[in-house]
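Just below is one structure, and these are the notes that go with it.
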2 protein chains.
Amino acid sequence: MNFPAQEQVNEMNLINIESVKLSCKNCSLSELCLPRSLSDDDLARFEEIVDTRPPIPKGGALYHAGEASQALYAIKSGAFKSVVTTEDGEEQIVGFHMPGELVGFDGVESVHNCTVVSLDRSTVCELPLRDLEALSRKVEGLQREVYTVMRREISQEQAMLLLLARRTAESRLASFLLSLSHRLGSRGFSRNEFNLVMSRHDIANYLGLAAETVSRLITRFQESGIVEVNRRRVTILDLAMLKERVGQPGGTKV
Amino acid sequence: MNFPAQEQVNEMNLINIESVKLSCKNCSLSELCLPRSLSDDDLARFEEIVDTRPPIPKGGALYHAGEASQALYAIKSGAFKSVVTTEDGEEQIVGFHMPGELVGFDGVESVHNCTVVSLDRSTVCELPLRDLEALSRKVEGLQREVYTVMRREISQEQAMLLLLARRTAESRLASFLLSLSHRLGSRGFSRNEFNLVMSRHDIANYLGLAAETVSRLITRFQESGIVEVNRRRVTILDLAMLKERVGQPGGTKV
DNA sequence: CGAGAGAGTTGATCCAGGTTAAGTACGTGG
DNA sequence: CCACGTACTTAACCTGGATCAACTCTCTCG
């Protein structure tokens, strides 16, 4: 991603990881990561279990479906997509993950069932499950923190099920743009102007559409003066109108 | 539901609930519920936090979207659907829940975001979150047990996202029938003959289809000799052919 | 036992969005 | 600075499944 604001974050991470010992207390994401409600004391204990990982290049995988699930990952910079693959090679993107978010909650019998691929040069903190489990038995708030994040994940996926089952293509794309805007905004980036880290193809796949449809819709939104899109740079011109496009009648009636 | 086998379970539950003090050790579902890996000692402690709830009639709600999330529920008999509702009254069924399964993992900031409705007269055990949290800080395996169930939930929803985004109507219905067969089978009921607890309308909603489409597909499957359906009673005649219908090319190409 | 209500089926028609097929713009390496 | 590959756009056409509209079957209730 190339947000002006985000470049700063990248800078900070590079410094943290390469020259200074990792510190949760000073991390720019600390408010977004797990140890939100921890005391200084508990935070120190939390820091002990956090490992740093070498940056993951664009296209590289954080983990693969089928691998044992051994850690959660906090995204410090960059972005990821989670991909579910069927036996016959079909792929479905089930989520995009932005800085400040946690990934690694998927899996059955401690085996991941999706592959998480970096969309950019990305950096993450690794939180080994074993340590996290042990620590959360000691630290009151931590366990609840983890549950909260997982519950939110479940709820988000349920919202996505509704989107895919009941909404028109137009509503899906509008929701997608609003969701991106919201997520980036709540992490301190601009709500109205941002870069898409993912290709049109990825967006289409995620939304259950054809890439051509996404392209057509973007054009239509531009013609209506709702957004301006230049390659991967998006500017939201009329938020209200964008929201209207979500609610639009369509999809299967109930 | 009216499986011959399930009637037994209902019997047992009625006895448990109405005449005998609830006992996890003797519960017919104990292998399916949370305390799978607990020692006798820990099981006793687990039993202490479990509450019983009065049976929930068909159409009644276990909990509503917007309510505070205070417990998990183990389904002892009957069945439920989880429904997400949008502001404009649109409804999407995001899951069906069978005996032996746990519900209550949805929610953001400890508020449920879906409503869980009984599809039959149903009985559940209530596991208050507060107690569960406290206990899982003491009992080694319990915390992992809860994580495991939540992770499976997330993975199942991801599979559902793939289904809705990429599969044809035929493939969706075939998957649905196979999944039901599998889930009931793994709980000791017949894999080849079972009752649908939910209406055609519910099935259609869940699969992102129109009820008419589900009806037509059932007819088509019957004509192909794959299943026999009589009102809500389903008999799978040719499992292999049913599986073929899942893999069938179709949906959006990747 | 007949009327009415839900639930399910079936058939006819239509359209959102997929598919196919050219394009165009960018960006990198030679 | 040109050539080639990749990402994206645009247009024409086609189809799976939604919608609309009867109709049937069961069950319930008076």
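Residue numbering restarts at 1 for every chain, and letters A, B, ... go by the order of the sequence lines. Hydrogens, waters and symmetry mates are skipped; everything else that's a heavy atom, side chains included, is used. Quick caveat: nothing in here was measured; it's all calculated off a predicted structure.
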Students should find that the end-to-end axis angle of the helix from C:dC1-D:dG30 to C:dG30-D:dC1, with five pairs defining each axis and rounding to 10 degrees, is 40°
Rounded to whole angstroms, how far apart are [atom1] on [X] and [atom2] on [N]?
X	N	atom1	atom2	answer
A:R167	C:dA16	CZ	C1'	16 Å
B:N230	C:dT9	CG	P	10 Å
B:D202	C:dG6	CG	P	16 Å
B:R220	C:dT9	CZ	P	14 Å
A:L207	C:dA16	CG	C1'	16 Å
A:L173	C:dG18	CG	P	12 Å
B:L196	C:dA7	CG	C1'	13 Å
A:L164	D:dG17	CG	P	15 Å

With B:R151, which residues qualify under side chain to side chain donor-acceptor pair (under 3.5 Å), at least two apart?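 Counting only residues at least two positions away or on another chain, B:R151 forms a side chain to side chain donor-acceptor pair (under 3.5 Å) with A:S69.
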Any residue meeting salt bridge (charged side-chain N to carboxylate O under 4.0 Å, His left out) with A:R152, in chain and number order, not counting sequence neighbours: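 With neighbours one apart ignored, the set is B:E109.
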Output all residues satisfying salt bridge (charged side-chain N to carboxylate O under 4.0 Å, His left out) with B:E212, sequence neighbours left out; order by chain, then residue number.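 Partners of B:E212 under the salt bridge (charged side-chain N to carboxylate O under 4.0 Å, His left out) test: none.
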Hey, is the main chain of [Y] close enough, under 3.5 Å, to the side chain of [X] for a donor-acceptor pair?
X	Y	answer
B:R172	B:R167	yes
B:Q92	A:L161	no
B:S118	B:A61	no

Between B:F194 and B:F189, is the ring centroid distance below 6.0 Å? no
Salt bridge B:R183-B:E101, side-chain N to carboxylate O under 4.0 Å: yes
Identify, with sequence neighbours excluded, every residue that meets ring-ring contact (aromatic ring centres under 6.0 Å, His included) alongside B:H97.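 Result, ring-ring contact (aromatic ring centres under 6.0 Å, His included) vs B:H97: none returned.
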Reading nucleotides 7-13 of chain D from 5' to 3' and marking B where a protein heavy atom lies under 4.0 Å of the base, S where only the sugar-phosphate is that close, and - otherwise, the string is SSBBBB-
